[in-house]
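Just so we're clear, the structure is a prediction, and the values are computed from it rather than from any experiment.
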Amino acid sequence: MKPFAIGIDIGGTHLRLGAVTPEGQVEHFEKRSSQNLREGDGPANLIEDIRQYLAQHQLEGQVEAIAIGIPGTVSKDKRQVFSAPYLSGFSGIELKQILEQQLGLPVYLDRDANFLLYSDMYCHKDIIDTNKMEMLVGLYFGSAVANAFFIHGSFYDGASGVAGEIGHNPLYGLEERDVCGNTGCAGLRCGGKYLEKIAGLYYPEIPFHQIFEKKKEERRIRQFVTDMAIPITQVANILDPDLIFVAGGVTDMPEFPWDLLDEAAREHMRHPLPAESCKLVFTRHSTQSGVLGAGLYVFFKRAAER
């Protein structure tokens, strides 16, 4: 294999790129604005970003393949982006074919949450026994809520490729419209955008990054955290997985009340099981986590294809 895989993590605000080694080292990491992917010809702009990155770091001829985490849904055959509300021109196109033709490299597409889960699995491999564990789950609280399933050695995609959209399960009585077009989605109450709204309305004197440090005992903040527990409880009750990773930009904030989230999640799990057996692993992500997971996934796939 060639020494690097290019891992790319596309976010609503930033585009992150890195050259990942098979040993899990991220080199030439870059974090840049993703604004050019949110307007105009997003796919063409992405191609130009990748070309510039490869040239800048003199990586031509050293790259095994490229993996890109999409903030949206991807077809089961991993060739087409179904829906990417925050990206301009990505939805409904055969992105894999376009990128491979333009870049001359194999390209793997998947949901960004899948690559975050793969990164967590790598960073916590000491507690994972793939011979005994059937299902691993990642639940990620960023601007909204994302999640991923890894079962029997591969990601679970569902019949049409869009499994894992738990952030779009409805909350009873909530009638606000989400960016996906539906009303009442859990992500409208369990994600960082809503926390920002609460902070701005009721605690404008507090810098947002200090909201848990200063106000975690306030009723509205505690309610936000207990609402975050709803997707965790749903996953535990329906799937009874071996392990659930919980992470994201919200939980990375200083003084996030992990104990409250754990207690709220277990309160509504079926008793005694899975409430007593559910293994929640509260982990922290770095700015490189999505890039690391994407790059390592390249080597996993390439080895399986040989």
Side-chain angles (χ1 to χ4, degrees), residues 1-12 14-34 36-38 41-82 84 86-91 93-119 121-122 148 154-155 157 161 286-306:
M1 288 187 179
K2 294 178 181 178
F4 295 113
I6 303 302
I8 298 176
D9 179 19
I10 302 177
H14 294 105
L15 171 69
R16 300 174 177 88
L17 309 92
V20 183
T21 70
E23 297 75 32
Q25 296 297 313
V26 179
E27 301 183 16
H28 309 301
F29 177 76
E30 287 191 14
K31 175 182 172 183
R32 58 179 71 173
S33 172
S34 61
N36 66 331
L37 307 183
R38 303 193 303 269
D41 190 339
N45 292 337
L46 175 61
I47 291 167
E48 184 59 28
D49 281 338
I50 297 172
R51 284 175 172 162
Q52 289 179 0
Y53 176 83
L54 295 175
Q56 177 184 349
H57 299 290
Q58 300 179 343
L59 291 168
E60 291 89 346
Q62 301 185 67
V63 175
E64 181 75 15
I66 298 171
I68 303 174
I70 300 293
T73 54
V74 178
S75 63
K76 191 176 180 67
D77 63 6
K78 308 302 181 184
R79 302 187 64 84
Q80 180 181 359
V81 177
F82 278 157
Y86 297 107
L87 302 179
S88 173
F90 282 75
S91 299
I93 68 168
E94 291 277 339
L95 186 61
K96 175 181 170 67
Q97 179 180 351
I98 293 170
L99 292 175
E100 289 183 337
Q101 289 176 346
Q102 294 294 317
L103 298 171
L105 287 166
V107 174
Y108 297 93
L109 300 179
D110 218 320
R111 300 165 59 246
D112 53 358
N114 285 2
F115 292 148
L116 288 174
L117 175 55
Y118 206 70
S119 173
M121 290 168 58
Y122 175 80
S154 62
F155 292 119
D157 299 316
S286 73
T287 57
Q288 300 184 9
S289 293
V291 167
L292 172 64
L296 289 173
Y297 188 69
V298 165
F299 295 116
F300 170 73
K301 289 292 288 184
R302 299 295 279 178
E305 292 167 358
R306 284 183 165 88

Assess the residue pair I47 and I98 against the criterion (side chain to side chain contact (heavy atoms under 4.5 Å, CB included)); give the C-alpha distance rounded to whole Å, side-chain angles, the decisive distance to 0.1 Å, and a yes or no.
CA-CA 9 Å; I47 291 167; I98 293 170; 4.0 Å; yes
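- Between F115 and Y297, the ring planes are tilted. Angles from 30° to 60° get that label.
- Distance CG/L99 to CD/E94: 11.0 Å, rounded to 0.5 Å.
- The line from CG of L17 to CD1 of I50 is 7.0 Å long, rounded to the nearest 0.5 Å.
- With a 4.5 Å cut-off on side-chain heavy atoms, R302 and P106 count as touching.
- Residues D112 and I10 fail the side-chain proximity criterion, which asks for heavy atoms closer than 4.5 Å.
- Rounded to the nearest 0.5 Å, atoms CD (E30) and NE2 (H14) are 13.0 Å apart.
- Across all non-hydrogen atoms, the minimal contact from P43 to S88 is CD-O, 3.5 Å.
- Note that the CG atom of D41 and the CG atom of N36 stand 10.5 Å from one another [nearest 0.5 Å].
- Counting only heavy atoms from C-beta outward, the side chains of Q52 and R32 approach each other to under 4.5 Å.
- For F299 against V20, the heavy-atom pair with the smallest separation is CE1-O, 3.4 Å.
- The two residues A65 and V298 have their closest heavy-atom pair at CB-CG1, 3.6 Å.
- To the nearest 0.5 Å, atoms CZ (R79) and CD (Q97) are separated by 6.0 Å.
- Going from atom CG of L15 over to atom CG of D49 covers 5.5 Å, rounded to the nearest 0.5 Å.
- For CD of Q56, the number of neighbouring non-hydrogen atoms (other residues, nucleotides, ligands) closer than 6.0 Å is greater than 12.
- Considering every non-hydrogen atom in both A19 and F4, the closest pair reads CB-CD2, 3.7 Å.
- Applying the ring-ring contact (aromatic ring centres under 6.0 Å, His included) definition to pairs two or more places apart or across chains, those involving residues 45-79 are H28-H57, Y53-H57.
- Using a cutoff of 4.0 Å between basic side-chain nitrogens and carboxylate oxygens, D77 and K96 are not scored as salt-bridged.
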For this session: Carefully, step by step, assess D157 and N114 under the rule side chain to side chain contact (heavy atoms under 4.5 Å, CB included).
Result: CA-CA 10 Å; D157 299 316; N114 285 2; 4.1 Å; yes
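- When every heavy atom of I66 is checked against every heavy atom of L105, the shortest pair comes out as CD1-CD1, 3.8 Å.
- Counting only distance, with no hydrogens or angles, the side chain of S34 and the backbone of G11 share a donor-acceptor pair below 3.5 Å.
- Checked options V63, V107, I68, V291; the residue passing with I6 is V63 (criterion: side-chain contact (heavy atoms from CB on, under 4.5 Å)).
- Contact check for F29 versus R16: side-chain heavy atoms found under the 4.5 Å cut-off.
- The shortest non-hydrogen separation linking L87 to P71 is CD1-CD, 3.7 Å.
- Checked by atom type and distance alone, the side chain of R51 pairs as donor or acceptor with a backbone atom of Q102 at under 3.5 Å.
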